Novice: 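The structure under discussion is supplied below as structure tokens; questions concerning it will follow.
Just so it is clear, the structure is predicted and the values come from calculations on it, not from any experiment. Values below: all heavy atoms of this structure, side chains included; hydrogens, waters and symmetry mates excluded.
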Amino acid sequence: MRIGVLTAGGDAPGLNAAIRAIGEMAIRDGHEVIGIANGWAGLANDYTGTSLGANELRGVIAQGGTLLGTARYNLDDPAGGRERVLSAIDEHLDALVAIGGDGTQRISSWLAARGAPVVGVPKTLDNDLQGTDYCIGFDTAISIVAESLDRLYTTAASHHRVMVVETMGRSTGWVAAMGGLAGGADMIVIPEFPVTMNEIVDHLDKRGSAGLAFSIVVVAEGVNLSTLGGVESSELTSEGVGGVRLATRGVGQFVASKIEERGDFEVRTTVLGHLQRGGSPTAHDRIWATRVGAGAYDAVVAGKFGMIPVVRNDGVVLAPLSEVAEGRRKVPREIYDLCAVFF
Ligand code: F6P
């Protein structure tokens with residue numbers, strides 16, 4: 001079999017572990033593994049498939065990024081991109097494993113519905129794909145958030161300052177909530193549970209009255225500015241390829257300036273940005289990326305197309321791509337309430 005592998009959308013630590021798992025298992029069984037460069041662009045434009053051998057896969061488990069390259073490529077503009085992908089798969093491959101988030105899996109699901117032999121692998125640093133407890137990259141991201149908060153605590157405490165830390169999280173607050181929980185944040189602001197600026201400042205006042213002269217406030221980049229008294233761009237809801245670059249909205253800086261306006265606190269802002277996506281994956285991401293990669297390979301050889309290996313109850317099971325591609329998994333109330341215990 002000629003098994004193509006691509007990574008699409010934003011990169012995430014652990015992608016190489018998944019590519020390695022698929023590649024090494026395929027080579028072991030005598031199949032050919034074809035690396036497609038730069039996501040869907042590598043199928044919709046000039047076909048970029050090249051054969052991957054043991055040499056290309058050696059040592060990559062520890063490396064961040066993706067050895068295949070990735071892109072946010074809009075297959076619907078110019079029109080006909082999806083049809084060109086269908087033809088490229090038909091012409092060059094016996095199966096395709098598409099590693100990516102909801103945008104990628106919507107395309108995978110569309111292709112599979114038209115009979116293309118496609119299997120997905122769940123990846124998004126934001127951790128909000130439906131139907132899976134695990135997405136490649138999330139564990140590394142929250143480890144980086146936690147370590148950053150540890151470091152910010154000491155300087156915040158020394159200067160008696162409020163530190164506002166903006167994390168990734170386009171539509172959901174997983175990175176902010178779980179990174180903030182692990183790093184001992186004093187307040188966490190996420191899209192799922194909107195708060196007003198008054199509530200944020202009241203909380204800081206309460207901490208001040210309790211003798212806590214410094215605070216760390218974690219804000220997810222996707223928090224809607226209007227609930228905080230700002231003006232939201234209508235582009236906020238646009239997603240994926242043409243989506244607004246959330247970090248440029250400056251929600252962290254907005255919260256910081258509003259806290260400072262009240263006059264009682266000295267405030268500094270840190271935008272963690274792409275530091276959360278860079279560098280070597282954690283052991284957790286290496287292991288689970290390997291497991292979902294292996295699940296995808298097993299699905300391919302079993303001919304279970306239109307499916308995606310997901311993690312549920314500490315095991316890997318197959319789910320239909322159509323289920324995973326739609327909607328978003330949100331931070332549940334119980335996690336937010338647990339975070340709030342430590343505010
Ligand atoms: O979708 C994952 C994500 O990391 C978001 O959290 C963030 O808003 C976005 O990607 C950043 O994308 P880019 O690297 O294209 O600016």
Side-chain angles (χ1 to χ4, degrees), residues 125-126 128 141-142 144-146 148-157 159-210 212-237 243-276 330-331 335-337 339-343:
L125 198 112
D126 293 354
D128 55 4
I142 60 173
I144 292 166
V145 172
S148 304
L149 298 196
D150 293 347
R151 291 176 185 281
L152 288 167
Y153 252 101
T154 58
T155 173
H159 285 269
H160 322 293
R161 283 174 174 158
V162 174
M163 293 290 188
V164 176
V165 185
E166 183 181 305
T167 68
M168 281 190 169
R170 175 167 282 273
S171 310
T172 56
W174 286 102
V175 178
M178 301 306 255
L181 189 60
D186 302 308
M187 179 145 205
I188 296 169
V189 185
I190 60 175
E192 289 89 334
F193 301 100
V195 290
T196 62
M197 276 314 306
N198 280 340
E199 286 171 298
I200 296 174
V201 175
D202 283 354
H203 180 67
L204 298 176
D205 281 339
K206 254 189 241 144
R207 283 178 54 81
S209 315
L212 298 161
F214 70 94
S215 295
I216 306 270
V217 179
V218 176
V219 183
E221 64 179 355
V223 164
N224 196 299
L225 282 168
S226 17
T227 42
L228 298 168
V231 179
E232 193 54 78
S233 149
S234 56
E235 288 173 273
L236 177 64
T237 51
V244 66
R245 274 199 260 153
L246 292 188
T248 60
R249 291 162 59 244
V251 67
Q253 185 52 45
F254 179 85
V255 168
S257 61
K258 290 289 167 193
I259 296 171
E260 204 153 39
E261 255 174 35
R262 310 283 172 113
D264 299 322
F265 304 96
E266 195 186 345
V267 192
R268 295 290 186 271
T269 313
T270 304
V271 179
L272 292 177
H274 290 80
L275 287 172
Q276 295 158 101
K330 293 186 186 304
V331 174
I335 298 278
Y336 184 71
D337 286 348
C339 295
V341 167
F342 305 104
F343 287 176

Novice: Would you give the length of the straight line joining atom OG1 of Thr270 to atom CG of Leu272, rounded to the nearest 0.5 angstrom?
Specialist: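 Output value for this atom pair is 6.5 Å.
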
Novice: In terms of side-chain heavy atoms, does Asn224 have a donor or acceptor partner in Ser226 at a distance below 3.5 Å?
Specialist: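 Yes, Ser226 and Asn224 have a side-chain donor paired with an acceptor closer than 3.5 Å.
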
Novice: Quick one: do Phe254 and Ile259 satisfy side-chain contact (heavy atoms from CB on, under 4.5 Å)? Show the steps, please.
Specialist: CA-CA 9 Å; Phe254 179 85; Ile259 296 171; over 6 Å; no

Novice: Considering non-hydrogen atoms only, spot the tightest contact between Ala177 and Ile190 and give its length.
Specialist: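 Closest approach of Ala177 to Ile190: N-CG2, 4.3 Å.
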
Novice: Please confirm whether the backbone N or O of Ser215 pairs with a side-chain atom of Arg161, one donor and one acceptor, at under 3.5 Å?
Specialist: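 Flag not set: sc Arg161 to bb Ser215 has no pair under 3.5 Å.
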
Novice: Report yes if some heavy atom in the side chain of Thr167 is under 4.5 Å from a heavy atom in the side chain of Val219; otherwise report no.
Specialist: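 Sidechains of Val219 and Thr167: no contact.
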
Novice: Can you classify the ring geometry of His203 versus Phe343 as parallel (below 30°), tilted (30 to 60°) or perpendicular (above 60°)?
Specialist: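 The rings of His203 and Phe343 stand perpendicular, inter-plane angle above 60°.
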
Novice: What heavy-atom pair brings Ala141 and Leu125 nearest, and what distance separates the two atoms?
Specialist: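 Taking every non-hydrogen atom into account, CB-CG, 3.7 Å.
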
Novice: Taking Glu166 for its side chain and Val271 for its backbone only, find out whether a donor-acceptor pair lies under 3.5 Å.
Specialist: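 Not a single qualifying donor-acceptor pair exists.
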
Novice: Would you please test Val175 and Val145 for side-chain contact (heavy atoms from CB on, under 4.5 Å) and show each step?
Specialist: CA-CA 8 Å; Val175 178; Val145 172; 3.8 Å; yes

Novice: Considering only residues two or more places apart or on different chains, which pairs with a residue in residues 252-261 satisfy salt bridge (charged side-chain N to carboxylate O under 4.0 Å, His left out)?
Specialist: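 Passing the test, one end in residues 252-261: Lys258-Glu261.
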
Novice: Does Asp126 use its side chain to pair, donor to acceptor, with the backbone of Asp128 at less than 3.5 Å?
Specialist: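 Answer holds: no.
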
Novice: Is there side-chain contact between Leu204 and Val162, with at least one heavy-atom pair below 4.5 Å?
Specialist: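 Yes, close enough: below the 4.5 Å cut-off.
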
Novice: Is the backbone N or O of Lys330 less than 3.5 Å from a side-chain atom of Glu192, with the two atoms forming a donor-acceptor pair by type?
Specialist: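 Flag not set: sc Glu192 to bb Lys330 has no pair under 3.5 Å.
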
Novice: Just do the side-chain contact (heavy atoms from CB on, under 4.5 Å) check on Val231 and Leu225 with the steps written out, would you?
Specialist: CA-CA 6 Å; Val231 179; Leu225 282 168; over 6 Å; no

Novice: In the structure I gave you, are the side-chain heavy atoms of Ile142 and Leu181 within less than 4.5 Å of one another anywhere?
Specialist: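 No, their side chains stay 4.5 Å or more apart.
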
Novice: Looking at every heavy atom in both Met187 and Ile200, which two are closest together, and how far apart are they?
Specialist: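 Looking at all heavy atoms of both residues, the shortest contact is SD-CA, 3.9 Å.
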
Novice: Let me confirm one number: the CH2-CD1 distance from Trp174 to Ile335, rounded to the nearest 0.5 Å.
Specialist: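 If I round to the nearest 0.5 Å, the distance is 5.5 Å.
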
Novice: Who passes side-chain hydrogen bond (donor to acceptor under 3.5 Å, both in side chains) against Ser148, sequence neighbours left out?
Specialist: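 In terms of side-chain hydrogen bond (donor to acceptor under 3.5 Å, both in side chains), with neighbours along the sequence ignored, Ser148 is linked to no residue.
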
Novice: Looking only at heavy atoms, what is the nearest atom pair of Val251 and Ala220, with distance?
Specialist: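 Result for this residue pair: CG1-O, 3.7 Å.
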
Novice: Donor-acceptor pair, distance only, cut-off 3.5 Å: does the side chain of Glu199 make one with the backbone of Thr196?
Specialist: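 Flag set: sc Glu199 to bb Thr196 pair under 3.5 Å.
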
Novice: Would you sort out whether Met197 and Arg262 count as a side-chain contact (heavy atoms from CB on, under 4.5 Å), showing the intermediate values?
Specialist: CA-CA 10 Å; Met197 276 314 306; Arg262 310 283 172 113; 3.8 Å; yes

Novice: Just verifying a value: how many Å separate Ser209 OG and Asp202 CG, rounded to the nearest 0.5 Å?
Specialist: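 Result: 10.0 Å between the selected atoms.
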
Novice: Check Val223 against Glu232 and note the closest heavy-atom contact, atom names and distance.
Specialist: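 Between these two residues, the closest heavy atoms are O-OE1, 4.2 Å.
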
Novice: Ring centres under 6.0 Å, that's the criterion: do His159 and Phe214 meet it?
Specialist: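 Not close enough - the centres of the two rings lie 6.0 Å or further apart.
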
Novice: Could you pull out the closest heavy-atom pair between Ala156 and Met163, with the gap in Å?
Specialist: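 Distance-wise, the nearest heavy atoms are CB-CG, 3.6 Å.
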
Novice: Would you say the side-chain atoms of Glu221 pair up with the backbone N or O of Gly169, donor to acceptor, closer than 3.5 Å?
Specialist: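 Side chain of Glu221 to backbone of Gly169, a donor-acceptor pair under 3.5 Å: yes, one is there.
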
